[in-house]
Amino acid sequence: MATGNGSAARAKSQGQRLADSRAMDITARVGLCARGVIYVLVGALAVQIGFGDKSGQQAERSGAVGTIGEQPFGRVLLWALVVGLAAMALWRLSEAAFGPAGSDSGKWTVRLGFLGLAVFYAVIAIAVVQTVLVGGSSGSRSSNQTSKEYTARVLNWPGGRVLVGAVGAVLIIVGVVMAVRAAMRTFEKNLQTDKMSEPTRRVVATLGIIGGVACGAVAAVTGLFILLAAVKFDPNRAKGLDETLRSFADTPAGPVLLIAAAVGLVLFGLYSFCEARWRTATEHPDPPEP
């Protein structure tokens, strides 16, 4: 038994060293850049919708991917995006397994959140790969159709209604928490603010606050639609990101709220680049082998 415990402890120690290593720090920064690309493009496409763009572009991740693919060397850029998204998923997975680098946080709720993010970015990475391999046909597929089809499948599983409802509730909670933390500027504790000039710090703080609140609001509204799909037992209630964004235009504020949310997503993408640049490095550099 002692030998088994010793082996488990060594494996955990090795995993912790990997999570706190320079390699994982670089992985995190690459992933954050990929996140920035995705949100800047999604927000930009949503702004076009808000101003009445009739080009048919979807303000969703597949639409953003399609936009990249249409550029010169588009396929090369898409594969680079796959690498970045995979890096993001790997980083979040390491945080789920061992906690944030340089932190002793062992709360299972925190780690469960990181696991959800790892799955989230892995799914996006797989979707981008599918888009590249099929020549972009999947990029024209509506995220609403995909969301409704997946929701309908899960609703028909034993206990599927509870599962869909739980996913929606988690998204709502994550969105609210993200918005609150952005408003409270807690994200700054993860940044090397001492290496920024005062004007730069103000700009980064503004991007983080507005972008984080907007991203949290969109996540919460998306979760609300998923929760309604479970409550009403109606997969048509679920909405993809593009239709969720369009729903902002159906409020009394009209397109103004949609444009505000879209601009917020662009700012969150720009903040992601700032985080990649000034993210606090791991406190535990690669240690020598024992």
Side-chain angles (χ1 to χ4, degrees), residues 31 35 38-39 42-43 46 58-64 85 88-89 91-93 95-96 107-127 142-155 157 159-184 186-187 208 210-251 257-258 260-262 264-265 268-269 271-272:
R35 187 182 74 178
I38 290 293
Y39 278 98
V42 168
Q58 300 264 331
E60 57 175 322
R61 286 171 182 81
S62 61
L85 291 169
M88 191 72 176
W91 172 42
R92 293 307 192 185
L93 183 60
E95 291 188 313
K107 293 182 179 180
W108 70 269
T109 52
V110 174
R111 296 194 179 191
L112 185 61
F114 287 134
L115 178 60
L117 288 172
V119 173
F120 174 75
Y121 286 107
V123 169
I124 299 177
I126 293 172
S142 169
S143 70
N144 302 305
Q145 292 176 323
T146 302
S147 298
K148 290 170 183 177
E149 288 176 6
Y150 286 165
T151 302
R153 291 180 189 176
V154 177
L155 284 174
W157 293 355
R161 193 171 183 178
V162 175
L163 180 59
V164 171
V167 170
V170 168
L171 265 178
I172 293 173
I173 294 172
V174 168
V176 171
V177 170
M178 182 177 184
V180 170
R181 288 183 173 178
M184 295 176 63
T186 58
F187 58 85
I210 300 177
V213 170
C215 194
V218 172
V221 172
T222 302
L224 178 60
F225 285 130
I226 295 175
L227 182 59
L228 287 174
V231 172
K232 301 293 185 180
F233 203 69
D234 180 8
N236 289 323
R237 296 271 182 172
K239 298 180 185 294
L241 180 59
D242 59 327
E243 193 170 345
T244 297
L245 288 169
R246 289 177 190 275
S247 69
F248 282 83
D250 296 331
T251 64
L257 187 57
L258 167 59
L265 293 180
F268 184 73
Y271 166 75
S272 297

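Numbering starts at 1 and runs along the sequence shown.
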Worksheet item: Can you name the nearest heavy-atom pair linking Leu265 to Val218, along with the distance?
Response: CD2-CG2, 4.3 Å
Practice prompt. Supply the atom-to-atom distance Tyr39 OH to Cys215 SG, rounded to the nearest 0.5 angstrom.
Written response: 4.0 Å
Item to complete: State, to 0.1 Å, how close Pro235 and Ala229 come at their nearest heavy-atom pair, and which atoms those are.
Response: CA-CB, 4.4 Å
Worksheet entry | Non-hydrogen atoms of Gly175 and Ala219 that approach each other most closely | CA-CB, 4.0 Å
Discussion item. Looking at every heavy atom in both Ala96 and Leu115, which two are closest together, and how far apart are they?
Written reply: CB-N, 3.6 Å
Worksheet entry | Polar side-chain atom of Arg161 near backbone of Val231 as donor-acceptor pair, under 3.5 Å | yes
Fill in: Minimum heavy-atom distance between Gly264 and Ala214, given as atom pair plus value
CA-CB, 3.5 Å
Worksheet entry | Among Leu227, Val221, Thr222, side chain to side chain contact (heavy atoms under 4.5 Å, CB included) partner for Phe225 | Val221
Worksheet entry | Close side-chain approach of Leu85 and Ile38, heavy atoms under 4.5 Å | yes
Worksheet, complete the sentence: Interatomic distance, OH@Tyr271 vs CZ@Arg35, rounded to 0.5 Å, equals 7.0 Å
Response to the item:
Taking every heavy atom of Gly208 against every heavy atom of Ala182, the minimum-distance pair comes out as O-CB, 3.7 Å
